[in-house]
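Here's the structure we're looking at; comments come further down.
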Amino acid sequence: MILERNNMFNIRQINDDLERVIGPEHVTELRNLMRYYRLCQSAVNEVGTKLENLDGEYENEYNHNPIHHMEQRMKSVDSLFNKMKKKHLPKTIAAVENNIFDIGGIRVITNYISDVYTIKENLISQDDVTLLKVKDYIRDPKPSGYRSLHLVVKVPVFLSTGPVETPVEIQIRTVGMDMWASLEHKLRYKTNVPSAKVADFADRLVDDANTIYKVEQNLQTIYRELSEPGVFKNEEYVPRYPLLWRSVGARLFRQLSF
């Protein structure tokens with residue numbers, strides 16, 4: 001029994017409010033957008049359940065939890081429209097469905113680097129998960145030092161009228177990578193620090209990203225020796241080279257016009 005529904009849309013009430021505020025001629029498109037948001041939320045829930053099941057299996061079979069924690073998010077309408085504007089897309093539901101695949105997102109924080117790829121391989125091997133895009137910023141980090149594995153998948157959301165394939169963006173990274181990304185995001189978007197200091201911090205963060213990665217590799221090596229066979233059976237990460245862009249961070253942040 002569902003006892004509580006969090007963050008569920010009251011479509012009827014919102015439709016009445018919209019018709020009163022903006023007029024009936026715009027309500028149909030907005031109604032379709034809200035329905036699509038609900039689909040995307042359901043798709044995120046589907047992926048979250050799959051990931052919880054995988055984590056539980058690994059705990060039982062190998063006494064190891066690859067997932068440290070997960071975070072779900074829905075893209076705000078403001079953010080959606082800003083992205084569509086940058087892509088020069090019309091504000092229609094068809095444009096959203098055909099071009100925007102990250103309305104619903106889930107961030108998976110893992111304990112070790114190889115856990116990232118374990119989760120990826122076990123998720124996309126499922127029959128009802130369709131892989132649309134992969135961007136591996138662990139093997140090929142961004143100049144800023146950012147590391148993460150980004151996937152876009154489609155999963156079926158089962159409605160009374162039948163299944164609807166719906167996209168979800170999944171970001172998978174380690175605890176250390178996530179800590180670094182949170183600080184870099186604050187530096188990039190949420191600081192009033194002078195631009196010269198921001199550029200200096202950006203350079204230092206590139207070095208810190210390399211250090212965190214090396215530490216996590218070392219910790220994984222120790223954990224592997226202490227663990228049961230099979231814990232890291234999908235161990236395929238291994239970029240053997242460090243991130244070398246020492247001064248790119250400063251140039252990057254100067255271009256952002258803080």
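Numbering of residues begins at 1 and proceeds along the displayed sequence. As a basis for the values below, the full set of heavy atoms in this structure was taken, side chains included, without hydrogen atoms, waters or symmetry mates.
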Carboxylate-amine/guanidinium contact [X] [Y], below 4.0 Å:
{"X": "Glu216", "Y": "Arg147", "answer": "no"}
{"X": "Asp102", "Y": "Lys83", "answer": "yes"}
{"X": "Asp208", "Y": "Arg204", "answer": "no"}
{"X": "Lys50", "Y": "Asp128", "answer": "yes"}

| Nearest atoms (heavy-atom pairs only) where Ile172 meets Ser148 | O-OG, 3.4 Å

A cation-pi test, strictly: NZ or CZ of [X] under 6.0 Å from the centre of the six-membered ring of [Y] and no more than 45 degrees from its axis. Yes or no?
{"X": "Lys91", "Y": "Phe81", "value": "yes"}
{"X": "Lys142", "Y": "Tyr146", "value": "yes"}
{"X": "Arg173", "Y": "Tyr213", "value": "no"}

| field | salt bridge (charged side-chain N to carboxylate O under 4.0 Å, His left out) partners for Lys154, two or more places apart | value | none

| request: Using only heavy-atom distances, determine whether the side chains of His64 and Asp115 contain a donor-acceptor pair under 3.5 Å. | output: yes

| request: Among Asp136, Asn111, Thr110, find the residue that satisfies the side-chain contact (heavy atoms from CB on, under 4.5 Å) test when tested with Val116. | output: Thr110

| said: Check whether Asp178 reaches the backbone of Thr174 with its side chain - one donor and one acceptor, N or O, closer than 3.5 Å. | reply: no

